[in-house]
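Here is the structure we will look at.
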Amino acid sequence: MLQRLAFCLGLCLSLAANAGVKVGDEAPAVALPGIGGTVGITLADLRGKVVYVDFWASWCGPCRVSFPQLEAIRRELGPLGFEVLAINVDEDEDDASEFLSEVPVTYPIVRDAEGVTPQAYGIMGMPTGYLVDRSGVVRDIHQGYKKSDGEKLRETIKELLGE
Amino acid sequence: MKYLTGLAVALLLCGCETVQPWERGTLAKEEMQWQSDVMEGRMRDQIHASKEASSGGTGAAGGGCGCN
Amino acid sequence: MSARDDNNKQSTLVALTSSALLLPAYQAAADAPPEYTELGVRYSKYEEDDIEGKKSFGGGSERYEIDIAQFHLLAPVGDNLSLALDVQWEDMSGASPWFVGESSSGPRVIMSGASIEDTRTEVSVATRYYYDRGNAGISYTYSDEDDYESDAFSLDASLNSEDGMTTYTAAISSSWDDIEPTQGSIPTNAVDEEKDIRSAWIGVTRIVSRQAMVRFGLSYTYRDGYLTDPYKSRDSRPDERKEYTFSTGYRHFFDEYDAALHLDYRYFDDDWDIASHALDVAWVQNLPEDVQLTPFFRYYTQDEARFFNVVTETTDRFYADDYRLSAYGALTFGLRVRKDIGNWSVNATGERYRSDQSWSLYNGNEAPGLVDFWRVSFGLDYTFR
């Protein structure tokens, strides 16, 4: 029994040690369909811009806090070359649509019900946002979302836009 | 019996199937919470504690009352 | 003061503890305070069945009736805090068993025979701090009755494993209770007594699959002081009690039915030789039109205290004829309905509790005072979205 337990624990640990994207890494590709079966905007399409790649779900509480703030930052800094690429990971698209009707945004939303991109990025919690610079390199990783995070995020984005 | 319980607990705790953070939508549902209604839970605990000889198990015991 | 007035104070039972500390709900996402302020009110009616004529001297008699009003407020404060306020008012009336005597047809209860009101107010404030891998809370609860006063503090903290699959929780609490029975022509057992309760709890929650979670907990509670019931005529209990519990819970969501199964079990053991099993089962069924229907069931059984007797020998060092210390089994069936309308939510709950010695897993003689009751509740919640 102990052997079996040790084996099991070992397996758990090996799974947990899934190396995710770190600051300085090239951002893994995002090429997903848009919400409602539309053609989705890819991360490659946005090369040259500063992009906030945001993993979110309708059931994630802090996502409700982040959406209006990201929308405001994008309205302000969009003309300077900032974009949000929001990746919805809900299993059921209806849940995502309902959320978006309650918290509407104008930035592009893509769907990944299979979890391929969050796996590739190795996210550890919901939401997680990756700030990608104009050359496609991850410069900041933001896990969770609090009300006061918007201001800090805005400053970091401004810095990256100035590079 | 004890051996079996121990084994069951160990297997459950180990549960090799890692549920990724983005796969926890169902678990986050309100109907999956340990306590779905705070006031209902409080009252039931209190009624049971005042009509039965045992109490607790959902946390550290709170203060007493003279509820009969 | 008339004997009748005194008897009403039998409403106050030397405290059997209530209001278990509320554990933080599992956060599927990074730990964060609630997004919105929530407000709720409940009104409940608790009513015990009359005691049967053949079980009491002086024929059938009414027992307890309680009206309960509750208020709950939970609000996020800043980035990392939440604040909760809970207030509960109770208005109790009726009679309760005073002692058990022998009759030619077996043991019978002498009821207090009073019908007068007593009220209790409980106020609880709690704050919770949320950090990246968990949260921690502190709470203070004050409970007040004419003859009973309690102050309780509790602390708890939880920590998620790095992969978020496991959550470890620990809690401690302490309470200081004052018992000052109303004195009158019928002497009570006590004048001014105190009781302290110290309790600790540890638990672990584990995600089992995308649809299931399990938890385990262990607790230890130490009661010290006046544990006798001052309003029972034949009651003398040790001034110390050590309690242990092992509990486990399971939640499983069935996508095909859009419903969740709740299973909870607790084993209890103490140094008064009382042991008990409690099993709770609930099926939370989502229905169209934002309606939720939850049938629930509970089975409870306990062993008797070592100093319990149906009719007591008051010559012993410790003795009690309180039906609550006897061996019995109890069954509860209940139904809860909830409907959400925008930011509002209305709910109604009804439950029936019955107890009987023959339903017990433990041997013992049946106490004539065993209780059956009905409870109905109506609630309204509002979320400030």
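Reminder, nothing fancy here: chain letters follow the sequence lines and each chain counts from 1. Keep in mind it's a predicted model, so treat the numbers as computed, not measured.
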Please indicate whether B:E30 has more than 12 foreign heavy atoms, meaning atoms of other residues, nucleotides or ligands, lying under 6.0 Å from its CD. yes
What one should report as the nearest heavy-atom pair of A:W59 and B:W22 is CZ2-O, 3.8 Å
Using a 6.0 Å cut-off, check whether atom CD of A:E76 has over 12 heavy atoms from anything other than its own residue. yes
Which value, rounded to the nearest 0.5 Å, describes the distance between B:Q20 atom CD and A:M126 atom CE? 12.0 Å
Residue, of A:A57, A:P118, A:S58, that accumulates the most heavy atom pairs under 4.5 Å with chain B: A:P118
